[in-house]
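Just so it is clear, the structure is predicted and the values come from calculations on it, not from any experiment. Heavy-atom basis, side chains included; hydrogens, waters and symmetry copies ignored.
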Amino acid sequence: MINFEWNINPMDCIIDDDGMTNVIQTVHWRLTGTDENEISSSVYGAQSFPKPSEEGFIPFEELTKEIVVSWLEATLDVPALEKNIEDAIYLINNPVMVQLTIN
């Protein structure tokens with residue numbers, strides 16, 4: 001079984017956008033999967049978000065990792081990301097290729 005964990009890196013924020021401060025524009029993220037043998041692989045990226053409405057705006061100070069991850073999960077193809085990670089871990093555990101040199 002593979003356990004997945006999100007890491008949220010520094011986010012690009014607009015300092016002042018029509019009275020809203022520190023409005024997130026881009027979230028830089030990494031999703032890491034680790035198997036029972038502590039073998040891991042990860043994918044990373046950046047996801048841009050549209051300007052929020054004033055009603056939907058959450059001040060930066062009130063944001064949590066869970067909120068930001070929920071935004072990512074709503075916009076990214078998480079099953080495909082997890083499959084890529086699973087495939088990479090499988091190949092680490094079951095290599096199909098080696099590098100050899102001649103003298």
Side-chain angles (χ1 to χ4, degrees):
M1 182 174 124
I2 297 177
N3 293 311
F4 295 96
E5 182 175 344
W6 289 95
N7 184 343
I8 306 302
N9 299 317
M11 297 176 276
D12 301 332
C13 301
I14 299 170
I15 295 170
D16 183 6
D17 193 355
D18 292 332
M20 297 180 286
T21 58
N22 296 327
V23 178
I24 294 175
Q25 182 177 40
T26 305
V27 174
H28 301 269
W29 56 268
R30 178 178 299 274
L31 180 60
T32 300
T34 305
D35 72 5
E36 62 276 355
N37 299 315
E38 299 298 316
I39 303 297
S40 65
S41 183
S42 62
V43 293
Y44 61 92
Q47 180 64 39
S48 296
F49 291 95
K51 176 182 172 179
S53 65
E54 286 187 37
E55 301 82 40
F57 178 68
I58 302 171
F60 189 85
E61 300 76 28
E62 295 176 21
L63 286 175
T64 63
K65 178 180 177 181
E66 290 75 23
I67 291 170
V68 176
V69 166
S70 73
W71 295 348
L72 292 170
E73 289 177 338
T75 56
L76 298 172
D77 186 351
V78 176
L81 296 173
E82 290 178 348
K83 174 99 170 70
N84 287 342
I85 292 169
E86 289 171 356
D87 291 348
I89 290 173
Y90 177 83
L91 287 174
I92 292 169
N93 287 319
N94 304 283
V96 294
M97 204 161 92
V98 295
Q99 289 184 331
L100 302 174
T101 60
I102 58 173
N103 294 328

query = Is there a side-chain contact between D17 and Q25 (heavy atoms, below 4.5 Å)?
reply = no

note = Note: E86 and I2 closest approach over all heavy atoms is CG-CD1, 3.4 Å

request  = Examine the side chains of D35 and N93 and answer whether a donor and an acceptor come within less than 3.5 Å of each other.
outcome  = yes

task = Say whether I24 and F57 are linked into one hydrophobic cluster, either directly or through other cluster members, by side-chain heavy-atom distances under 4.5 angstrom.
result = no

ask   = Are I67 and V78 in one and the same hydrophobic cluster, where Ile, Leu, Val, Met, Phe, Trp and Tyr link if side-chain heavy atoms are under 4.5 Å apart?
value = yes

request  = Would you sort out whether K51 and I14 count as a side-chain contact (heavy atoms from CB on, under 4.5 Å), showing the intermediate values?
outcome  = CA-CA 10 Å; K51 176 182 172 179; I14 299 170; over 6 Å; no

ask   = Does atom CD of E54 have more than 12 heavy-atom neighbours, drawn from other residues, nucleotides or ligands, at distances under 6.0 Å?
value = no

key: CD/E73: more than 12 non-hydrogen atoms of other groups inside 6.0 Å   = yes

query = Which distance, rounded to the nearest 0.5 Å, do you find between the CD1 of I8 and the OG1 of T64?
reply = 10.0 Å

key: Pairs touching residues 2-31 that satisfy ring pair (Phe, Tyr, Trp, His ring centres under 6.0 Å), sequence neighbours left out   = W6-W29

request  = Give a yes or no on whether V43 and I92 share a hydrophobic cluster (residues Ile, Leu, Val, Met, Phe, Trp, Tyr; joining criterion: side-chain heavy atoms under 4.5 Å apart).
outcome  = yes

message = So, taking the atom named CG in N84 and the one named CG in L31, what distance separates them when rounded to the nearest 0.5 Å?
response = 10.0 Å

ask   = To the nearest 0.5 Å, what is the distance between CG (N94) and CD1 (I89)?
value = 11.5 Å

remark   = dist M11:CE -> Q47:CD (nearest 0.5 Å) comes out at 13.5 Å

inquiry  = Hydrophobic clusters here meaning ILVMFWY residues chained together by side-chain heavy-atom distances under 4.5 Å, can you tell me if W71 and V23 are in one?
reply    = no

message = Give me the atom names and distance for the closest heavy-atom approach of S42 to T32.
response = CB-OG1, 3.3 Å

note = d(M20 CE, N22 CG) to nearest 0.5 Å is 11.5 Å

inquiry  = What's the separation between atom OG1 in T34 and atom CD1 in I85, rounded to the nearest 0.5 Å?
reply    = 9.0 Å

query = By ring-ring contact (aromatic ring centres under 6.0 Å, His included), which residues pair with F60, not counting sequence neighbours?
reply = none

message = Between F49 and Y44, is there shared hydrophobic-cluster membership here, with clusters defined by ILVMFWY side-chain heavy atoms closer than 4.5 Å?
response = no

message = To check you understand the geometry: which heavy-atom pair defines the closest contact between T26 and A46, and what is its length?
response = CG2-CB, 3.8 Å

